Amino acid sequence: MNIQNYINGKFENPISNEWVDNYNPANGEVYGQIPNSSKADVENAYIAAKSEFPSWSQTTLEERSKILVKISELLEANLERFAEAESKDNGKPISLATAVDIPRAASNFRFFGNAITQFSSESHETIGQNAINYTLRQPIGVVGCISPWNLPLYLFTWKIAPAIAAGNCVVAKPSEITPMTAYLLGDICNEAGLPKGVLNIVHGLGSTTGQAIIEHPDIRAISFTGGTETGAHIAKVAAPMFKKLSLELGGKNPNIIFADCDYNDMLETTVRSSFSNQGQICLCGSRIFIEASIYNKFKKDFVEKVKQLRVGHPSEKSTNIGALVSKQHLEKVKNYIEIAKSENSIILCGGNEVSVKGYENGYYLQPTIIEVKTDLCRINQEEVFGPVVTIMPFNTEEDVLKMANQVKYGLSATIWTNDLKRTMRMSKLIEVGIIWINTWMLRDLRTPFGGVKASGIGREGGFEALRFFTEAKNVCIKY
Ligand code: NDP
């Protein structure tokens with residue numbers, strides 16, 4: 001099946017008529033093609049967005065909200081079709097796409113459709129000078145949204161929904177590896193009555209299509225989620241043009257387990273925070289630190305539980321671990337397992353490819369637990385982004401804090417303890433943007449989302465996202 005660009009409300013082939021193969025990770029076969037869009041396609045998308053901007057930015061909040069909520073309802077009505085498409089394109093279990101990815105994409109539109117009706121400007125009375133200031137929060141114009149392959153529609157809509165709610169028009173590019181649900185979204189937008197040109201979706205490679213978006217002098221803001229290296233490249237290209245930037249990048253998140261935690265809840269959640277979506281979530285807790293007094297018990301129980309996870313075809317309901325997203329990514333993750341071995345780390349379980357009957361060319365890997373001797377080894381410092389976690393014991397709160405922070409990333413952290421004072425102390429000192437205490441991935445869309453250090457700059461979510469997608473302009477009136 002060939003997918004097309006969605007520009008000015010219509011579906012179009014790329015101008016060059018060049019295409020890129022799209023693979024099904026569950027069987028390793030090509031099952032469609034996507035446009036290999038060029039600069040000229042991005043320019044057409046920009047022109048459509050620019051022409052619509054004067055009208056969309058003046059559309060009432062009530063009308064914008066109504067359309068966004070309608071998109072959300074249509075996604076919910078098409079849950080099964082979208083979940084199947086997402087699972088096939090990405091390799092994730094259908095159960096996960098049905099329970100998490102597509103419902104969350106729908107929530108993104110509903111949330112920002114409602115949030116925009118509550119978003120307001122500030123005013124400041126300058127006492128003693130007979131003056132009043134008020135702040136206009138105006139949409140930026142045409143903005144670029146670029147998203148990765150791990151949570152395709154979930155992260156694509158997490159950017160698009162606040163961008164259009166705030167009155168911008170968008171040129172967006174999903175990952176070339178997982179373009180399908182973004183393609184299907186076009187029809188839903190038309191059905192919901194989104195005016196043509198508000199959202200334009202251009203498919204293609206990061207190095208050409210993505211590059212054309214970030215280089216475009218009149219696309220004034222870029223919201224990007226993806227790898228740290230790509231983020232650094234985007235920052236370099238965008239900085240001389242003074243574009244507004246939001247960069248949500250990689251992570252190497254600590255999962256810190258104290259002996260006083262609720263053990264069973266911790267164990268169950270730790271299996272999830274390690275291996276959900278084949279470990280391909282930027283928030284996965286890939287470095288697990290366990291207080292020494294329960295280390296051996298945890299090691300035994302964790303290995304036992306993880307061995308029970310079923311690696312299988314994504315469309316089967318009983319599958320816990322589906323396929324990795326691509327052959328190239330599978331090779332990268334396998335290479336990290338070899339690096340761990342060469343560093344004298346111990347593979348406690350997993351470590352090998354899995355041959356799933358009938359789908360022998362799919363990209364399946366066993367969930368893998370690696371015991372490391374030091375937190376400074378490469379497998380513990382570099383982002384693997386696959387079904388691989390490390391474990392090691394710690395003795396004191398000070399020791400584990402040091403190890404948690406001794407990494408270039410700073411996205412999220414999880415702490416398991418029932419000591420309230422400890423949670424307060426540690427939450428202040430861990431260098432990340434998001435902390436979960438006694439839980440993982442519990443999300444409230446109003447909260448600020450993002451990382452520090454090499455995990456990015458800026459925050460998404462709630463009013464933070466609406467602030468990013470608007471420019472504040474102060475007006476001072478003397479009376
Ligand atoms: P990449 O950085 O490779 O790609 C992300 C997106 O950027 C893709 O759409 C890609 O296109 C595009 N891109 C690549 N090069 C350029 C360029 N020169 N200009 C503009 N766009 C470009 O990341 P992955 O897709 O491999 O995603 C995995 C990464 O994303 C991991 O590091 C993960 O931690 C991070 N991530 C971060 C999250 C967060 O919220 N902090 C959440 C989820 C993931 P194409 O795919 O076509 O090359």
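Every value quoted in this text rests on a predicted model; they were computed, and no experiment measured them.
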### Task
I would like to know whether Glu353 and Lys334 meet salt bridge (Lys or Arg N to Asp or Glu O under 4.0 Å); could you show each step before the answer?
CA-CA 8 Å; Glu353 268 188 75; Lys334 275 168 47 190; 2.6 Å; yes
### Message
Looking at Lys88 and Glu84, is there a salt bridge between them, counting it only when a charged N and a carboxylate O are closer than 4.0 Å?
### Response
no
### Message
Heavy-atom count check: over 12 atoms from other residues, nucleotides or ligands less than 6.0 Å from Arg446 CZ?
### Response
no
### Message
Which label fits His329 and Phe385: parallel for a plane angle under 30°, tilted from 30 to 60°, or perpendicular past 60°?
### Response
perpendicular
### Query
Does the pair Lys453/Glu431 count as a salt bridge with the N-to-O cut at 4.0 Å?
yes
### Task
Could you go through the side-chain hydrogen bond (donor to acceptor under 3.5 Å, both in side chains) check for Asn255 and Thr414 one step at a time?
CA-CA 5 Å; Asn255 177 4; Thr414 305; 4.8 Å; no
### Query
Do the charged groups of Glu76 and Arg110 touch, with an N to O distance under 4.0 Å?
yes
Could you list the donor-acceptor pairs under 3.5 angstrom formed by side chains in residues 191-205, with sequence neighbours left out?
{"unit_1": "Asn200", "atom_1": "OD1", "unit_2": "Asn8", "atom_2": "N", "d": "2.9"}
{"unit_1": "Asn200", "atom_1": "ND2", "unit_2": "Val170", "atom_2": "O", "d": "3.1"}
{"unit_1": "Asn200", "atom_1": "ND2", "unit_2": "Gly197", "atom_2": "O", "d": "2.9"}

### Task
Could you grab the distance from atom OG1 of Thr178 to atom CG of Asp89, nearest 0.5 Å is fine?
6.0 Å
### Query
Short question: side chain of Asp41, backbone of Ile15 - any donor-acceptor pair under 3.5 Å?
yes
#### Entry: Side-chain (Asn150) to main-chain (Gly279) donor-acceptor, under 3.5 angstrom
no
### Task
Kindly check if the number of other-residue, nucleotide or ligand heavy atoms within 6.0 Å of NZ (Lys332) is above 12?
yes
### Pairwise distance OG(Ser455) to CG(Asn253) - rounded to 0.5 angstrom
7.0 Å
### Member of Phe156, Phe11, Tyr6 meeting the ring-ring contact (aromatic ring centres under 6.0 Å, His included) criterion with Tyr183
Phe11
### Task
Among residues two or more places apart or on two chains, list those pairs meeting salt bridge (Lys or Arg N to Asp or Glu O under 4.0 Å) that have a residue in residues 211-229.
Lys39-Glu215
### Query
Judged by atom type as modelled, is there a donor-acceptor pair below 3.5 Å linking the side chain of Thr98 to the main-chain atoms of Ala83?
no
### Summary
Note: Gly285 and Ser274 closest approach over all heavy atoms is O-OG, 4.2 Å
### Query
With a 4.5 Å limit on heavy-atom distance, are the side chains of Ser95 and Lys317 in contact?
no
### Task
Report the distance from atom CD of Gln118 to atom CG of Leu466, rounding to the nearest 0.5 Å.
11.0 Å
### Query
At what distance, to the nearest 0.5 angstrom, does OG of Ser147 lie from NZ of Lys159?
7.5 Å
### Message
Does Glu62 have more than 12 heavy atoms from other residues, nucleotides or ligands lying within 6.0 Å of its CD?
### Response
no
### Query
Should we say atom NZ of Lys70 is surrounded by more than 12 heavy atoms from elsewhere, each under 6.0 Å from it?
no
### Query
Does CD in Glu316 sit with more than 12 non-hydrogen atoms of other residues, nucleotides or ligands closer than 6.0 Å?
yes
### Query
Roughly how far apart are Thr447 OG1 and Leu445 CG, rounded to 0.5 Å?
7.5 Å
#### Entry: Donor-acceptor contact below 3.5 Å, side chain Thr230 vs main chain Gly226
no
### Task
Quick one: do Tyr23 and Tyr31 satisfy ring pair (Phe, Tyr, Trp, His ring centres under 6.0 Å)? Show the steps, please.
CA-CA 6 Å; Tyr23 286 81; Tyr31 81 105; 9.2 Å; no
### Query
What is the ring orientation for His313 with Tyr359, classed by angle as parallel under 30°, tilted 30 to 60°, or perpendicular over 60°?
tilted
### Message
Using the rule given for side-chain hydrogen bond (donor to acceptor under 3.5 Å, both in side chains), can you reason through Gln33 versus Asp21, listing the C-alpha separation, both sets of side-chain angles and the distance that settles it, and then say yes or no?
### Response
CA-CA 5 Å; Gln33 291 193 309; Asp21 288 339; 3.1 Å; yes
### Donor-acceptor under 3.5 Å (Lys243 side chain, Ile219 main chain)
yes
### Message
Test your reading of the model: is there a side-chain donor-acceptor pair from Arg64 to the backbone of Ala165, 3.5 Å cut-off?
### Response
yes
#### Entry: Expected output: side-chain Thr225 to main-chain Pro148 donor-acceptor under 3.5 Å
no
#### Entry: Heavy-atom donor-acceptor pair, Trp158 side chain to Asn108 backbone, under 3.5 Å
no
Solution key, residues 130-137 side-chain donor-acceptor pairs under 3.5 Å, sequence neighbours excluded:
{"unit_1": "Asn133", "atom_1": "OD1", "unit_2": "Asn474", "atom_2": "ND2", "d": "2.8"}
{"unit_1": "Asn133", "atom_1": "ND2", "unit_2": "Thr126", "atom_2": "OG1", "d": "2.8"}

### Message
For the CG atom of Leu96 and the CD1 atom of Ile281, what is their distance to the nearest 0.5 Å?
### Response
6.5 Å
#### Entry: Residue Gln129 excluded, over 12 heavy atoms near CD under 6.0 Å
no
